[in-house]
Amino acid sequence: MATAPRSAPRIAVLADSALDGDSRAHRVAVAAVAAGYEVTLIGRAAEGPAGATGTAPAGVRLLRVTVAETLHRRRLQRPRPGPRHVLAYRSADTHAFRNALLAAHAALLASRGAELDVIHRPLPLKAGARLVHAGGRFRHVLRRAWTALRSAQYRAAVHRRATPGGALESAAATATRLLLGKRCWRRLDPLLLDLEIAYGPVLDELRPHLVHALGHRTLGTAVRAAMRAEGTGHRVEVVWDTTAEAEASRRAAVARDAHERSYAPLTDGVVTVADTYADRLRERHGLPARPAVARNTPPYEPLPSPPPPGVRDRCRLAPEVPLLVHSGSAGPARGLLTVVDALPKLYDLHAALIVPDPEDPWIRTLAGRAAELGVARRLHVLPYVPPAEIPRFLSSADIGVLPVHRLPDRQVALPARYFEYAHARLPVVVSDVRVLARPTLEIGNGEVFRCGDTADFVRAVGAVLTNPRRYRKAYERGDVLREWSWQQQAEPLIDLYARLLGPRRPSPELSAPDAPVALA
């Protein structure tokens, strides 16, 4: 394995994720190594001590850091009951203690009842003991009802804190913004401070020459690390890599906006995934230059024929069984309920959902719906595979689907999964979200259906299955896959690195013509 020389500039790629399914983080790291930089990829440790290492791309050092989330979890451990949950327990410890005490009392009462049945006593004493025991059981029933009521209110208060919404929460977020200004993110999103506690010392010890901050949550941590390093005479450049994402609540949106406005103008370069969002970022934050655009696409490589077994083999399906796949996170906005509802009308079609967490609550909801419809055996849930393997893994399927709903962040850029379907040479079926429908209709690589319309989804899938070769041939026309390749998309990113750190020093082995991750 080739490594960069000791004199090569050091780059830290910082991500608020566990990295295993973070294709953007892996591709950025690989591109930087291929350009001759010394790269450390930093992300969350799913479990185990800080610094535990796992599988990393060739030439990349991988660090997994434990993020305790102490400040973030405080909101959930001590929820404010408010007028709607006046009886809720005031802390997680109290809630756990009261329920444990109730369970202990139940065990003692059961033991006492058994004791009264097996131990002989004179009748008057036994009658008195049973009367006392009955009183204890009555008190236990009352205590159990009272504890259940307070526990239900506590869980409701925790849920409200975990998913803030409604007019009152929105007003509170707006008031916090008015009172604290751009610093309000510290109060509204304490997880950003948890990330500082975890990642800050790691960056200080690494002393990189450039920090590539992935996502909005790592932005402040990277900028503050650069400030501390500059205070010791060591210059650190900061590149912020961001995408448009819809926030779950007004509170989260206000915190993100304040955090970005605080630190985005202090970065040395910005990268994003779409031209329209690049223009929006420059206008919003008054950036001196338009952000570079590098779409999150797989590297181009030819696929073997026939395709490798991949997802079809994992689902244990014969080659003639039709199979559609959805790769990506689960959630109501992803439109997967439309896919499940369509299965009874698509007869022998199977669906594979490749998700980061197969135990996700929404996945359980989808599985329950499939069971109700009698198609549970045709719904397969699989975990993520390494980012470099995704196109090959998907290529044995027949269709890739993106049935997402119309949300603001879906109108900005093509998602990475669309490009991965394309590099797997899969026909696609997408909802009529503009950013998905336009290239699909222009290229002719799939069908578009009305968002949330199960019948129209069935029509679109049927059209693709009737003549799949017609849609696959769309990828053979022109240079669409080479344009949608990481070799092409990474060029603006590497050019930005070169402007900030100096000329490239390509690694001969990693940039060889036959290496799929090499830059074109």
His209 side-chain N/O to Arg10 backbone N/O, donor-acceptor pair under 3.5 Å: yes
Glu260 side-chain N/O to Arg284 backbone N/O, donor-acceptor pair under 3.5 Å: no
Whether His212 side chain and Trp240 backbone form a donor-acceptor pair below 3.5 Å: no
Distance (rounded to the nearest 0.5 Å) between Leu214 CG and Ile42 CD1: 10.5 Å
Any donor-acceptor pair under 3.5 Å from Thr272 side chain to Thr243 backbone: no
Non-hydrogen side-chain atoms of Leu353 and Leu366 separated by less than 4.5 Å: yes
Leu188 backbone acceptor or donor facing Arg251 side chain under 3.5 Å: yes
Ser327 vs Tyr421, side chain to side chain donor-acceptor pair (under 3.5 Å): CA-CA, chis, key distance, verdict: CA-CA 9 Å; Ser327 179; Tyr421 294 158; 5.5 Å; no
Nearest heavy-atom neighbours spanning Arg477 and Ile443: NH2-O, 3.2 Å
Cationic tip of Arg314 above Tyr384 ring, under 6.0 Å, 45° of axis: no
Atom pair CG (Leu210) and CG (Leu501), whose distance is rounded to the nearest 0.5 Å: 5.0 Å
Ser485 vs Pro298 side-chain heavy atoms within contact, under 4.5 Å: no
Main-chain N/O of Tyr37 paired with Tyr497 side-chain donor or acceptor, under 3.5 Å: no
Trp185 to Ser262 - nearest heavy-atom pair and separation: NE1-OG, 3.9 Å
Ser396 side chain to Arg312 backbone, donor-acceptor under 3.5 Å: yes
Atom CZ of Arg438: over 12 foreign heavy atoms under 6.0 Å: no
Smallest separation among heavy atoms of Trp486 and Ala31, with atom names: NE1-CB, 3.5 Å
Side-chain touch Leu191/Arg217, heavy atoms, less than 4.5 angstrom: yes
Student check: side-chain heavy atoms of Val239 and Val270 closer than 4.5 Å: no
Distance-minimising heavy-atom pair for Val65 and Ala198: CG1-O, 3.6 Å
Under 3.5 Å: donor-acceptor pair, side chain of Arg472, backbone of Arg425: yes
Crowding at CZ, Arg290 (>12 non-hydrogen neighbours, <6.0 Å): yes
Gap separating the CD1 atom of Ile354 from the NE2 atom of His380, nearest 0.5 angstrom: 11.5 Å
Side chain proximity check, Pro403 to Phe449, heavy atoms < 4.5 angstrom: yes
Heavy-atom donor-acceptor pair, Asp194 side chain to His72 backbone, under 3.5 Å: yes
Backbone of Leu19 reached by a side-chain donor or acceptor of His26 within 3.5 Å: yes
Atom of Arg61, atom of Leu206 and distance for their closest heavy-atom approach: NH1-CD2, 3.3 Å
Minimum-distance pair of heavy atoms, taken over all atoms of Pro439 and Arg434: CD-O, 4.4 Å
More than 12 heavy atoms from other groups under 6.0 Å of CD on Glu476: yes
Enclosure of Arg482 CZ (heavy-atom neighbours >12, cutoff 6.0 Å): no
Test side chain to side chain donor-acceptor pair (under 3.5 Å) applied to Tyr471 and Glu447, step by step: CA-CA 9 Å; Tyr471 300 96; Glu447 290 286 333; 2.6 Å; yes
Trace of the side chain to side chain donor-acceptor pair (under 3.5 Å) decision for Tyr475 with His423: CA-CA 9 Å; Tyr475 298 122; His423 281 265; over 6 Å; no
Residues Glu420, Arg27; criterion salt bridge (Lys or Arg N to Asp or Glu O under 4.0 Å); working and verdict: CA-CA 13 Å; Glu420 288 162 355; Arg27 288 166 187 160; 3.0 Å; yes
Aromatic ring proximity, centroids under 6.0 angstrom, Tyr263 and His259: yes
Side-chain heavy-atom pair Leu195, Asp16 within 4.5 angstrom cut-off: yes
